[in-house]
Amino acid sequence: MDEMEANQFREFGKAMIDYTAEYLENIRDRRVLPTVEPGYLRPLIPENAPEKPEKWEDVLKDVEKVIMPGITHWHSPRFHAYFPTANSYPAIVADILSGAIACIGFTWIASPACTELEVVMLDWLGKALGLPKEFLACSGGKGGGVIQGTASEATLVALLGAKAKAIAVEKKKHPEMKESEIIAKLVGYTSSQSHSSVERAGLLGGVRLRSLQPDASNKLRGETVEQAIKEDREAGLIPFYCVATLGTTSSCTFDRLDEIGPVCNENEVWLHVDAAYAGSSFICPEYRYLMKGIERADSFNFNPHKWLLVNFDCSAMWLKDPSWLVNAFNVDPLYLKHEQQGSAPDYRHWQIPLGRRFRALKLWFVLRLYGLENLQAHIRKHIALAHYFESKVRGDDRFEITEEVLMGLVCFRLKGTNELNEVLLKKINGKGVIHLVPSKIRDTYFLRLAICSRFTEENDIDVSWKEVKEAADEVLAEQKQ
Ligand code: PLP
């Protein structure tokens, strides 16, 4: 058989490691945004899969020829769009090992190490963030953590747990009520500034979610949630779920968890905290004030795959009482049963799919090979670089900062109309040297500059500022003509 031999795999693998290291080391020299048009790729490769095996050397050559022209370089220091997605050598190596083991860890027996490492890593990480012990498996209580694929999944899974709990509680109070009647009365809450995945979780979960208005500083307040709960109870509805965001996508604003938590607890409303991006900063003790009130939450989630140097996908979620999920999602066919059932988590009950990769390896490698000290340094450096860019913007009185800079995101705009800022962004992205995306809050359009790459230095920020400033010079000159 002409399949790839182990020796060939070694050669190909080593060559790929060299290619990968070189790609990342020199990434800043590549144009951040590709220039290809839709459909660019098909003519570059044959119409059909080859009958005979090809040489790995040829495949590797084609990576540069076929793939790289169509890549947006997310790890370039010139990439400032969205929020960061993480990338580190330890996590890449862990993914190689995960690929070799290639287990599907849906139950404990399906690969005990896969489940057990995940339980311990979520404890390590939870302690590193300073989460209350009620969330940690090592506390011996009900709580524990799980790795989901994305924050969107975590929000949906929490909603489904909250829904199961609300149905059980209502059935106890009103045994005469049908489940469908209860579901029709359920109502959840979030801010109009929360991520679109929250609204989507409501749609997928088949329940109503109300989008509440945040205050003038874009934070969702306790009294707003309280008022909505009161109105809905008066209308005969059943409030059951609330999502608070720590670090919103548009402007990295922090909802007032300290106010929302007590309101949710008093009203038996499940509180889920979405800290997808900003949660990583809590490994630095000086930023934990931003999660004040976390002890009131029922579930908490953040993405190490955003800002903690663990490659996608790794979304860490903790629950104080996972039994609501486990019971809600528990279908137990004979072929998935095993003798140790009940003495360790079977993570298939904590998530939507059945299959799951060995993602805890990435966390283990990253936590050990960086140490908390270097992960903290990474967060602090990004925040310092954001403040450096902020100082450039503040130093030019044609611009304004639209949101307090707390993390690695700077929201700014040219003083003037939305249209002016739209033209500015088009010009900046059109040159392809740096890449930003905009946002809009209450009809004010602004630009978002996120510090994304672990390779970013002050010099890179100087380049980015130069791009922004020169584009502004041109836009303002054109406007005068
Ligand atoms: N929540 C917030 C606050 C986010 O900023 C994002 C993405 O940027 C998400 C959720 C969605 O994350 P994911 O892609 O992991 O679902």
Side-chain angles (χ1 to χ4, degrees), residues 72 74 79-87 91 125 129 145-160 188-205 209 211-212 214 218-220 241-257 260 271-282 287 290-291 294 297 299-318 351-353 356-357 359 362-363 379 382 386 403 406-411 435-441 448-452:
T72 300
W74 281 66
F79 182 93
H80 298 297
Y82 320 110
F83 274 140
T85 189
N87 183 333
L125 194 57
L129 257 59
V146 58
I147 302 177
Q148 303 283 355
T150 63
S152 315
E153 281 168 69
T155 304
L156 174 60
V157 162
L159 178 140
L160 295 174
Y189 308 94
T190 192
S191 159
S192 60
Q193 284 301 308
S194 67
H195 190 261
S196 55
S197 53
V198 180
E199 184 185 346
R200 196 143 180 270
L203 294 173
L204 292 169
L209 278 192
S211 171
L212 305 176
N218 303 319
K219 299 170 199 288
L220 182 62
Y241 184 54
C242 180
V243 179
T245 309
L246 299 182
T248 57
T249 318
S250 274
S251 59
C252 204
T253 303
F254 291 73
D255 286 340
R256 288 293 298 270
L257 194 56
I260 298 169
L271 175 58
H272 176 68
V273 175
D274 173 6
Y277 162 69
S280 294
S281 72
F282 304 144
Y287 295 116
L290 291 166
M291 64 165 176
I294 189 65
S299 49
F300 172 82
N301 167 249
F302 87 102
N303 286 350
H305 73 229
K306 275 192 160 53
W307 204 13
L308 211 59
L309 297 170
V310 182
N311 286 53
F312 188 86
D313 52 346
C314 180
S315 185
M317 178 186 194
W318 288 266
Q351 60 174 24
I352 292 165
R356 56 201 331 272
R357 298 190 308 119
R359 291 179 290 218
K362 290 190 284 201
L363 265 178
I379 298 287
H382 272 200
E403 195 78 25
L406 290 170
M407 303 270 112
L409 179 74
V410 185
C411 299
H435 183 40
L436 314 182
V437 292
S439 194
K440 201 182 218 181
I441 300 182
R448 295 167 77 264
L449 182 136
I451 310 292
C452 290

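Both counts, for ligands and for their atoms, begin at 1 and track the order of listing. Because the structure is a prediction, the values reported are computed rather than measured.
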When you look for protein heavy atoms under 4.0 Å from ligand 1, which residues do they belong to?
Phe83, Thr150, Ala151, Ser152, His195, Ser197, Thr245, Gly247, Thr249, Asp274, Ala276, Asn303, His305, Lys306
Would a line drawn from the ring center of Trp307 to the ring center of Phe302 be shorter than 6.0 Å?
no
Ion pair present between Asp313 and Arg356, side-chain N to carboxylate O less than 4.0 angstrom?
no
For the residue pair Glu153 / Thr150, report whether a side-chain donor-acceptor contact shorter than 3.5 Å exists.
yes
Taking only residues two or more places apart in sequence or in another chain, which ones pass side chain to side chain donor-acceptor pair (under 3.5 Å) with Ser194?
Thr190
Does the side chain of Thr245 pick up a donor-acceptor pair with the side chain of Asp274 at under 3.5 Å?
no
Assess the side chains of Thr253 and Glu403: does a donor N or O sit below 3.5 Å from an acceptor N or O?
yes
